[in-house]
Amino acid sequence: MKSNLIIKNGTILTESGFKQADMFISAGKIEKICSTVEEDAKTIDAGNLMILPGIIDQHTHGAYGYDINNINKEDFNKLCDYYASQGTTGFLASLLIDSKENLMRCLKYLSEYQKEAHTGAKLLGIHMEGPYFAQEFKAAMPPEMIRQASVEEFDEFYKAAEGSLKMMTISAEVDKSIEVIKEGVKNEVIMAIGHTGPTYERACQCIEAGAKTATHLFNAMRPLEHHQPGVIAAALESDIYTEIICDGHHLHPATIRMIIKAKGVDKVIAITDSMMAAGLKDGQYKLGRMDVTVKGLDARLTGNNTRAGSVLTAIQGLRNLAQFSHLPLQDVVKMTALNPAKEMGIDKTKGSIAVNKDADLIITDHNLNLLATIVEGQIMYKSDELIVK
């Protein structure tokens with residue numbers, strides 16, 4: 001049973017802007033936001049602190065020594081706990097291209113885990129990044145595991161996930177990509193185009209077929225060229241969502257500002273694309289099947305220098321986006337919380353702070369240093385500085 005919680009004296013980012021108020025949380029939901037709450041419940045004094053929507057990370061491959069392609073079910077809770085300690089309240093577990101046998105194993109254990117009660121950040125579903133990619137834009141994916149797009153195989157993956165497959169990234173130019181996109185849309189899977197270098201016309205055809213998102217825009221994509229604008233122009237001018245990685249390595253801050261200016265703050269989603277080295281020191285790691293060297297907070301395939309995910313944490317991504325974008329915090333937070341919730345179709349309960357929505361919250365100081373993470377009304381992370389009575 002979920003206990004009640006009061007947050008007093010906080011500066012709360014509501015759907016209508018910042019508001020100095022108290023908050024009463026009951027049964028995992030925000031029950032009241034008002035000037036004063038008088039209830040008998042565990043209480044956090046958030047004086048001089050901000051209450052923000054929890055971060056939803058729809059693209060992460062792991063962190064803190066755990067790789068989602070290789071983790072076992074028992075250790076997955078430790079990963080969820082770590083995510084919560086970095087401000088994530090919900091996430092999609094992203095699977096890299098792998099053997100069909102291991103992908104099916106991962107789909108099964110993640111589906112089972114999603115149905116169970118667990119601590120830490122909430123697993124919201126699965127994102128399959130591949131396996132239907134163009135070899136030219138494989139980036140850090142194992143080339144021998146890339147396969148021809150197949151509606152029949154997609155249906156096998158979907159069935160194995162038992163409703164937990166929420167997103168798939170596919171290269172736009174591969175044969176039968178449009179058929180797979182249509183099959184995904186039919187099954188209410190978010191279909192994203194990424195690791196791709198199609199013509200502008202082919203990219204537009206995929207968007208017309210139902211592709212809803214561009215995966216980590218500009219990265220592992222054919223560059224924008226003024227005579228052959230390709231997938232980047234199609235993503236920027238259309239109404240689809242675009243993911244951005246705000247680690248300072250994948251995109252220059254000016255590129256981030258350009259994307260936001262072209263798309264508007266309502267169509268950009270900040271992701272970490274983190275791998276198992278996030279939260280750890282430089283060294284040797286794995287990204288799925290691939291060996292990765294991390295040096296200076298930059299992850300690259302060992303031996304060929306291809307960038308291999310990031311070591312970004314969610315809260316650092318939020319701080320970076322606030323710094324890089326030059327936008328008000330209420331706009332920045334849309335890109336870390338509300339937009340992914342809208343894309344997933346869960347914005348009636350998650351992604352913003354309002355009465356009757358899930359109490360998925362982070363408490364920070366005004367420099368966006370994290371003091372607490374609350375998931376569906378439960379304190380899943382708390383710094384020693386924050387006092388709970």
Side-chain angles (χ1 to χ4, degrees), residues 56-62 66-77 79-80 90-118 121-134 138 141-142 144-172 174-196 206-207 209-213 215 240-241 243 288-289 340-341 343-346 349-350:
I56 299 174
D57 189 2
Q58 70 175 33
H59 191 152
T60 171
H61 299 283
Y66 299 109
D67 178 274
I68 288 174
N69 275 59
N70 295 306
I71 197 172
N72 59 47
K73 187 178 172 183
E74 289 69 33
D75 282 340
F76 200 80
N77 214 102
L79 178 60
C80 293
F91 68 102
L92 294 183
S94 296
L95 294 173
L96 295 150
I97 294 175
D98 210 326
S99 68
K100 185 171 181 178
E101 179 185 14
N102 196 45
L103 287 174
M104 296 295 273
R105 179 193 71 84
C106 291
L107 291 168
K108 185 176 186 299
Y109 93 75
L110 289 168
S111 174
E112 290 173 352
Y113 192 87
Q114 187 183 357
K115 295 176 176 68
E116 298 172 1
H118 60 88
K122 187 178 181 68
L123 176 60
L124 300 173
I126 303 165
H127 165 212
M128 292 187 73
E129 193 174 8
Y132 310 133
F133 279 177
K138 64 184 182 298
M141 302 289 181
E144 71 279 9
M145 296 293 170
I146 293 172
R147 293 194 290 286
Q148 293 290 317
S150 164
V151 170
E152 292 74 22
E153 187 177 59
F154 171 88
D155 288 339
E156 288 183 63
F157 291 140
Y158 182 79
K159 184 177 180 180
E162 297 183 345
S164 291
L165 181 59
K166 302 299 182 184
M167 182 174 179
M168 175 181 269
T169 297
I170 186 170
S171 296
V174 299
D175 187 39
K176 295 189 178 178
S177 62
I178 290 176
E179 290 87 339
V180 172
I181 287 169
K182 288 180 177 179
E183 184 71 5
V185 171
K186 185 179 80 174
N187 288 284
E188 298 184 338
V189 176
I190 298 161
M191 299 304 293
I193 46 176
H195 288 261
T196 190
C206 289
I207 292 169
K212 194 175 182 179
T213 303
T215 298
I240 67 171
Y241 290 96
E243 292 182 348
R289 290 175 169 263
E343 184 205 38
M344 294 181 209
I346 57 173
T349 56
K350 296 184 182 294

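One finds no salt bridge joining Glu101 and Arg105 here, because no Lys/Arg side-chain nitrogen approaches an Asp/Glu carboxylate oxygen to under 4.0 Å. We find that Lys182 and Glu179 are not joined by a salt bridge, their nearest charged nitrogen and carboxylate oxygen being 4.0 Å or further apart.
No more than 12 heavy atoms of other residues, nucleotides or ligands sit less than 6.0 Å from atom NZ of Lys159. Few gaps surround NZ on Lys138; more than 12 heavy atoms of other groups in view lie less than 6.0 Å from it.
Here the straight-line distance linking atom CG of Asn70 with atom SG of Cys106 works out to 7.5 Å at 0.5 Å rounding. Residue Asp98 holds its CG atom at 12.5 Å from CD of Glu129, rounded to the nearest 0.5 Å. Taking CE from Met167 and CG from Leu92, the interatomic distance works out to 7.0 Å, rounded to the nearest 0.5 Å. Of the inter-residue distances, the one linking Leu165 atom CG with Met128 atom CE reads 6.5 Å to the nearest 0.5 angstrom. Distance check, rounded to the nearest 0.5 Å: CD of Glu74 to OH of Tyr109 gives 10.5 Å. Rounding to the nearest 0.5 Å places NE2 of His127 at 13.0 Å from CG of Leu110.
Of the candidates Gln58, Lys212, Met168, Lys212 is the only one forming a side-chain contact (heavy atoms from CB on, under 4.5 Å) with Ile190. Among the candidates Gln148, His195, Glu153, the single residue satisfying the side chain to side chain donor-acceptor pair (under 3.5 Å) test with Tyr132 is Glu153.
Minimum interatomic distance between Ala149 and Ser177 (heavy atoms only, all atoms of both residues): CB-N, 4.4 Å. Between Ala134 and Ser171, the shortest heavy-atom distance links the atoms N-OG, 2.8 Å. Residues Val185 and Ala209 approach most closely at CG2-O, 4.1 Å, considering heavy atoms. Here the shortest heavy-atom pairing between Ala211 and Ile193 reads CB-CG2, 4.2 Å. The two residues Ile240 and Ile207 make their nearest non-hydrogen contact at CG2-CG2, 3.7 Å. The two residues Gly288 and Asp67 come nearest to each other via the heavy atoms N-OD2, 2.9 Å.
Met104 is not listed as a side-chain neighbour of Lys108, based on a closest heavy-atom distance of 4.5 Å or more. You'll find the side chain of Arg289 reaches within 4.5 Å of the side chain of Ser99, heavy atoms only. The shortest side-chain heavy-atom distance between Cys206 and Met191 does not fall under the 4.5 Å cut-off. Considering only heavy atoms from C-beta on, Ile68 comes within 4.5 Å of Phe76 through its side chain. A heavy-atom distance below 4.5 Å is not found between the side chains of His59 and Thr169. You'll find the side chain of Pro340 stays beyond 4.5 Å of the side chain of Tyr241, heavy atoms only. Contact check for Leu124 versus Phe91: no side-chain heavy atoms found under the 4.5 Å cut-off. Using a 4.5 Å heavy-atom threshold, the side chains of Ile181 and Phe154 count as separate.
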Glu343/Thr213 under side-chain hydrogen bond (donor to acceptor under 3.5 Å, both in side chains): CA gap, chis, key distance, verdict | CA-CA 9 Å; Glu343 184 205 38; Thr213 303; 2.3 Å; yes
side-chain contact (heavy atoms from CB on, under 4.5 Å) between Met344 and Ile56, intermediate numbers included = CA-CA 10 Å; Met344 294 181 209; Ile56 299 174; 3.7 Å; yes
Could you walk me through whether Ser150 and Glu156 pass the side-chain contact (heavy atoms from CB on, under 4.5 Å) check?
-> CA-CA 10 Å; Ser150 164; Glu156 288 183 63; over 6 Å; no
List the steps, then state whether side-chain contact (heavy atoms from CB on, under 4.5 Å) holds for Gln114 with Ile126.
-> CA-CA 9 Å; Gln114 187 183 357; Ile126 303 165; 5.5 Å; no
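In this structure, the side chain of Ser111 engages the main chain of Ala161 through a donor-acceptor pair within 3.5 Å. Side chain of Thr215 to main chain of Gly194: no donor-acceptor pair is present (N/O by atom type, distance under 3.5 Å, no hydrogens or angles). The backbone N or O of Leu95 sits nowhere less than 3.5 Å from a side-chain atom of Asn69 that would complete a donor-acceptor pair.
Judged purely by distance below 3.5 Å, without hydrogens or angles, the side chains of Tyr113 and Asn77 pair a donor atom with an acceptor atom.
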